[in-house]
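One structure below.
All heavy atoms count here, side chains included; hydrogens, waters and symmetry mates do not.
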Amino acid sequence: MSKHRIETTLAHAGRHPEKNAGVVNPPVCHASTILFKTYADFSLAREGKFPGSAYGRHGTETMRSLEEAIMALEGADKSFIFPSGLSAIVVCLFSFLRAGDHLLIADSVYDPTRRFADQELASHGVEVTYYDPVIGPGIAELIRSNTKVVYTESPGSLTFEVQDLPALAKAAHEKGAVVIIDNSWATPLFYRPLSAGADIVIHSATKYIGGHSDLMMGIASCRKEHAATITRTYKNFGISASPDDCYLAQRGLRTLAARLKAHRENALFLADRLEKHPKVAAILHPAFASCPGHELWKRDFTGSSGLFSVVLKAPYPDGKLSAMLDNMELFGMGYSWGGYESLIIPFGLEKIRTSSSFPHKGALFRIHAGLENKEDLWEDLEKGLERLG
Ligand SMILES: *Cc1c(COP(=O)(O)O)cnc(C)c1O
């Protein structure tokens, strides 16, 4: 782990201007072929022992410097760069699971993670069980002799339950299972899961690390003991990421602390206003007492980001939802989040909750607070809620 505080690490880690004629940012190195100087080097590469990159698919210096920065941020021995967050998730799951194994996944998980488990892992003979995201130490009762992975996402990126990662990790490790966590919401700035007991931490860097709605990327990090297991699957699946995208992700890192603090402030402001609105039943935001796991968030996290959900008191028919959503001036309607601009999406939980109940019946919206002026954002939201009638 870097000796500096995290804002400093974000600004400096992975950069080596002295190796690059003083240029502040690492260069973008495009490559397929990488030439060996000698037959001896070539032979080393054939045995997988060459110290540098032997082929473009394994990444160039651009990817190495991003990996170095991420390792410093996470306190990890090894980081892997993926072409999307989902590819990071599926490769990490696949690395640790074989036919006959059992996988535990939080019921609040990102929907495409659930689809991969149900449609791919299950058809390869992996048994999948979804657990209530607020289960805490009770997870021990679900862990079997063949449970190899406990997969968490904390908070869940639609319903925001915060999980008791240290309790999950303790129970999992007692039975020899690894814990994988999707930490996209908090980023390394607000939560460091490897020091809280997780074995592998994953980010959709598409979100806050990219930060400008123009990048797809995933990152996974781990300690030494799991590096070889993930490396094997990563290489065998032909995973790579483009140097241009590695460059963008690195540039995003440099401003992450400043951006995230502004996202946090705008989200808290909007959530606070929404909580007092007569149409609103509940705010699902880890920093609010109404959010399941709020106490765990206070115990474990050092901040909150810009993504949260709001539950209205009533459901609304499509016509009313169209009146609200089609006429938003600043809030765009689209997937993803973490960019500088505000977003809103309606959502339902019918197909994506199978083992835990959700107490609310009213309309649900997920909001990403961007970097616009917070009063402008509130005016747009308030007018939208009025259009519901
Ligand atoms: C978006 C997202 C992902 C997937 O990331 P992509 O880069 O879009 O593949 C994974 N987990 C969470 C929580 C996300 O929000």
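- Taking the side chain to side chain donor-acceptor pair (under 3.5 Å) definition, one finds that Thr159 meets it with Glu161, Arg353, sequence neighbours left out.
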Phe190 and Phe301: CA distance, side-chain angles, deciding distance, ring-ring contact (aromatic ring centres under 6.0 Å, His included) verdict: CA-CA 6 Å; Phe190 293 147; Phe301 290 63; 8.8 Å; no
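- Inspection of the His226 and Arg223 side chains reveals no N or O donor paired with an N or O acceptor under 3.5 Å.
- Side chain to side chain, Arg64 and Ser53 meet the donor-acceptor criterion of an N or O pair below 3.5 Å.
- Under a 4.5 Å side-chain heavy-atom criterion applied to ILVMFWY residues, the cluster that includes Met216 comprises that residue alone.
- For Ser356 and Asp132, the side-chain atoms include no donor-acceptor pair closer than 3.5 Å.
- Residues forming a side chain to side chain donor-acceptor pair (under 3.5 Å) with Asn183 (at least two apart in sequence, or on another chain): none.
- Ion pairing between Lys49 and Glu47 holds under the 4.0 Å rule for side-chain N and carboxylate O.
- Residues meeting the ring-ring contact (aromatic ring centres under 6.0 Å, His included) test with His212, sequence neighbours left out: Tyr340.
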Using distance only, find each side-chain donor-acceptor pair of residues 144-153 under 3.5 Å and give its atom names and separation, not counting sequence neighbours.
{"unit_1": "Arg144", "atom_1": "NH1", "unit_2": "Glu127", "atom_2": "OE1", "d": "3.1"}
{"unit_1": "Arg144", "atom_1": "NH1", "unit_2": "Glu127", "atom_2": "OE2", "d": "2.8"}
{"unit_1": "Asn146", "atom_1": "ND2", "unit_2": "Gly100", "atom_2": "O", "d": "2.9"}
{"unit_1": "Thr147", "atom_1": "OG1", "unit_2": "His102", "atom_2": "ND1", "d": "2.7"}
{"unit_1": "Thr147", "atom_1": "OG1", "unit_2": "Arg144", "atom_2": "N", "d": "2.7"}
{"unit_1": "Thr147", "atom_1": "OG1", "unit_2": "Arg144", "atom_2": "O", "d": "3.3"}
{"unit_1": "Lys148", "atom_1": "NZ", "unit_2": "Asp101", "atom_2": "OD1", "d": "3.0"}
{"unit_1": "Glu153", "atom_1": "OE1", "unit_2": "Tyr110", "atom_2": "N", "d": "2.7"}
{"unit_1": "Glu153", "atom_1": "OE2", "unit_2": "Ser157", "atom_2": "N", "d": "2.8"}
{"unit_1": "Glu153", "atom_1": "OE2", "unit_2": "Ser157", "atom_2": "OG", "d": "2.9"}

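- Ionic pairing of Lys374 and Glu265 is present here: one or more N-O contacts between side-chain nitrogen and carboxylate oxygen are shorter than 4.0 angstrom.
- Side-chain atoms of Ser184 and Asp182 form a donor-acceptor pair, as typed in the model, at a separation below 3.5 Å.
- For the salt bridge (Lys or Arg N to Asp or Glu O under 4.0 Å) test, residues two or more places apart in sequence or in another chain that qualify with Glu174 are Lys170.
- Distance OG1/Thr354 to CG/Asp118: 7.5 Å, rounded to 0.5 Å.
- For His277, the side chain to side chain donor-acceptor pair (under 3.5 Å) test picks out no residue, with sequence neighbours left out.
- Counting side-chain heavy-atom gaps under 4.5 Å among Ile, Leu, Val, Met, Phe, Trp and Tyr, Ile34 is found in no cluster with other residues.
- Separating the NE2 atom in His360 from the NZ atom in Lys313 is a distance of 12.5 Å, to the nearest 0.5 Å.
- Under the rule for a side-chain contact (heavy atoms from CB on, under 4.5 Å), the partners of Glu120 that lie at least two apart in sequence or sit in another chain are Phe116, His124.
- Here Phe237 pairs with Phe94 under the ring-ring contact (aromatic ring centres under 6.0 Å, His included) rule; sequence neighbours left out.
- Legend: residues meeting ring-ring contact (aromatic ring centres under 6.0 Å, His included) with Tyr208, ordered by chain and number and at least two apart, are His263, Trp337, His368.
- Between the CG atom of Leu142 and the CG atom of Leu168 there is a distance of 10.5 Å, given to the nearest 0.5 Å.
- Within the structure, ring pair (Phe, Tyr, Trp, His ring centres under 6.0 Å) contacts touching residues 45-64 (residues at least two apart or in different chains) are Phe36-Phe50.
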